[in-house]
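As structure tokens, the structure follows; a few thoughts come after it.
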Amino acid sequence: MRTTEAFASAFESLLLNKVRAALTMLGIVIGVFAVIVMYGLGQASQAYITSQVQGLGARVLIISPGNPKSQKTAGPPNINAAPLKLGDAEALKALPGIDAVSPSAFGTQVFKVGKQVQGGTLLGCDPTVVTVRGIKQGRGRFFSEQEDRAGARVVVLGSRLAQDLFKESLADPLGARVSIGDRRFRVVGVLAPQGGGLFGSVDEQAFVPIRAYHDIVATNERLNSVLVRVASEDLLTASEGRVREVLRRRHHLGLDKEDDFRIQTQADVLSTVSAITGAFTVLLAGIAAISLLVGGIGIMNIMLVSVTERTREIGIRKAVGAKTGAVLRQFVIEAATLSLVGGSLGIGLAVLVLWGVSLGAGLPFVFSLPALVGAFAFSAGVGVFFGLYPAAKAARLDPVEALRYE
């Protein structure tokens with residue numbers, strides 16, 4: 001029997017038991033689908049975060065509290081770390097080669113408009129955050145430097161937060177009053193929709209002058225981070241050294257003391273993000289791959305049943321001259337066909353889901369060719385591997401005994 005005839009025979013055998021074949025392929029479909037979707041979503045998330053980090057620019061230094069040796073991964077700063085304060089940010093503005101310094105502090109607050117109450121992130125900053133982070137203004141304006149220095153009670157709302165707060169009153173947010181904690185703020189602007197980023201979703205944040213923020217939360221001018229934009233990439237290393245020198249002097253750190261803050265560049269953040277998301281993606285894909293093994297066991301089970309049902313057929317074929325290798329090849333091809341068809345369906349379904357998620361969640365559509373080829377090859381390998389034992393059992397049948405089988 002030629003290979004083409006073996007494939008035709010395999011399809012014919014599967015079509016005779018459509019429901020059984022479909023249920024057997026389902027395990028492979030789910031396995032391939034899960035592997036590709038998990039890997040694709042991980043890659044899409046990594047690409048999205050990377051684009052947000054790169055949006056800051058290669059000449060931005062990110063300064064946060066905490067000893068860099070005690071914090072190897074990205075995340076919230078150590079609450080016991082020596083704090084960064086507003087005075088630190090002010091001192092950095094005087095350094096040569098520095099374009100902008102953007103201090104920020106943030107925390108969760110409750111926002112209230114009339115009877116509408118909404119939780120969200122309140123971020124205290126100065127107007128330089130607009131240019132350093134690339135924030136897009138929608139309606140109204142951002143607060144001014146004069147309002148920032150005076151600690152004026154003005155607020156700029158993210159698009160989603162403004163929509164949630166004013167959806168019942170139907171009032172124009174501009175000029176309206178919003179209660180934040182026990183203070184009332186006047187809305188001077190609403191940002192354009194721009195989604196999430198390195199510092200959370202801008203759409204669900206509210207921005208107030210940094211001094212007004214400290215007046216609300218009473219944190220003694222503590223900061224969560226300071227963004228420093230250098231005039232050019234050539235000055236990045238020198239500027240980082242000057243920033244470190246100023247902060248060590250302000251924090252009274254002797255020569256024998258380690259930094260109580262950490263300074264990261266875009267490359268540092270990207271390296272950390274890539275390591276975390278890469279490991280997480282591989283972990284998810286590995287867990288999803290277990291379902292492929294389960295699907296392979298299902299194929300072996302069905303092929304063993306098929307061998308038992310077709311014992312007389314095998315005996316007749318061997319009696320009229322079919323070689324052991326031909327019988328072996330026929331059943332291996334049937335098992336491989338189950339896997340390949342299931343793998344193809346799983347790939348198609350995964351592409352549709354990834355495309356839908358990219359549209360709905362705003363993530364980039366990332367479809368990895370290596371993941372596709374790997375999942376497809378693995379599914380075929382699963383079919384061949386788990387089909388070998390039933391095929392070998394069929395090939396070893398004695399034709400006389402097989403013809404007697406009822």
Side-chain angles (χ1 to χ4, degrees), residues 49 52-53 56-108 121-126 128-129 132-133 148-149 151 198-200 209-211 213-276 279:
I49 297 173
Q52 296 295 321
V53 175
L56 289 176
R59 54 194 180 99
V60 171
L61 298 173
I62 305 169
I63 308 171
S64 55
N67 188 318
K69 292 185 179 181
S70 65
Q71 281 189 285
K72 298 297 185 181
T73 60
N78 186 347
I79 59 174
N80 296 319
L84 287 172
K85 293 195 174 183
L86 191 56
D88 295 330
E90 294 294 336
L92 297 179
K93 293 180 180 180
L95 291 176
I98 300 296
D99 263 359
V101 176
S102 177
S104 65
F106 58 84
T108 302
T121 300
L122 180 66
L123 191 140
C125 58
D126 65 12
T128 58
V129 73
V132 174
R133 286 180 54 180
D148 176 54
R149 286 195 295 268
L198 180 63
F199 301 97
I210 186 68
R211 290 170 179 81
Y213 176 87
H214 286 136
D215 183 45
I216 295 173
V217 299
T219 54
N220 299 320
E221 297 192 347
R222 286 176 177 246
L223 302 176
N224 291 94
S225 68
V226 178
L227 300 182
V228 176
R229 191 176 65 188
V230 181
S232 69
E233 288 188 46
D234 296 336
L235 299 174
L236 194 64
T237 302
S239 297
E240 182 179 350
R242 294 191 191 103
V243 167
R244 177 171 281 106
E245 181 181 349
V246 169
L247 292 179
R248 286 184 62 85
R249 185 171 63 249
R250 286 187 56 83
H251 292 194
H252 308 291
L253 298 176
L255 295 177
D256 58 335
K257 296 290 184 63
E258 296 180 346
D259 293 345
D260 58 4
F261 55 87
R262 55 176 177 169
I263 304 175
Q264 294 176 290
T265 63
Q266 181 194 92
D268 297 330
V269 178
L270 286 176
S271 175
T272 302
V273 168
S274 297
I276 294 174

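Residues meeting the side-chain contact (heavy atoms from CB on, under 4.5 Å) test with T121, sequence neighbours left out: F106, Q205. Every salt bridge (Lys or Arg N to Asp or Glu O under 4.0 Å) that R149 has, sequence neighbours left out, goes to E145. With sequence neighbours left out, the side-chain hydrogen bond (donor to acceptor under 3.5 Å, both in side chains) criterion links R211 to no other residue. Not counting sequence neighbours, the partners of D99 by the side-chain contact (heavy atoms from CB on, under 4.5 Å) test are R59, R229, A231.
Contact annotation: the side chain of L86 approaches that of I210 to within less than 4.5 Å [non-hydrogen atoms, C-beta and beyond]. Within the 4.5 Å cutoff, the side chain of I62 has heavy atoms near those of the L227 side chain. Side chains of L122 and T108 form no contact here, defined as non-hydrogen atoms less than 4.5 Å apart. Considering only heavy atoms from C-beta on, I98 comes within 4.5 Å of V228 through its side chain. Counting only heavy atoms from C-beta outward, the side chains of S225 and S104 approach each other to under 4.5 Å.
Scanning both residues, S239 and V230, for their nearest heavy atoms gives OG-CG1, 3.4 Å. Closest approach of P83 to R222, counting heavy atoms only: CB-NH1, 3.6 Å. Contact detail for V132 and S102: the closest heavy-atom pair is CG2-CB, 4.2 Å. Nearest heavy atoms, Y213 versus A105: CE2-CB, 3.5 Å.
The NE2 atom of H252 sits 11.5 Å away from atom NZ of K257, with the distance rounded to the nearest 0.5 Å. Between F261 atom CZ and L223 atom CG the span is 14.0 Å, to the nearest 0.5 Å. Rounding to the nearest 0.5 angstrom, the gap separating the CG atom in L247 from the CG atom in L253 is 9.0 Å.
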TODO: Take V243 and I63 through the test side chain to side chain contact (heavy atoms under 4.5 Å, CB included) and record every step on the way to the result.
DONE: CA-CA 9 Å; V243 167; I63 308 171; 3.5 Å; yes

TODO: List the steps, then state whether side chain to side chain donor-acceptor pair (under 3.5 Å) holds for D126 with T128.
DONE: CA-CA 6 Å; D126 65 12; T128 58; 2.4 Å; yes

TODO: Evaluate the criterion side chain to side chain contact (heavy atoms under 4.5 Å, CB included) for residue pair V226 and V101; output intermediate values, then yes/no.
DONE: CA-CA 7 Å; V226 178; V101 176; 3.6 Å; yes

- [ ] Just do the side chain to side chain contact (heavy atoms under 4.5 Å, CB included) check on R244 and D259 with the steps written out, would you?
- [x] CA-CA 8 Å; R244 177 171 281 106; D259 293 345; 2.8 Å; yes

Side-chain donor-acceptor contacts of residues 87-95 below 3.5 Å, not counting sequence neighbours, with atom names and distances?
residue	atom	partner	partner atom	Å
D88	OD1	R250	NE	2.6
D88	OD2	K85	N	3.0
D88	OD2	H251	NE2	3.0

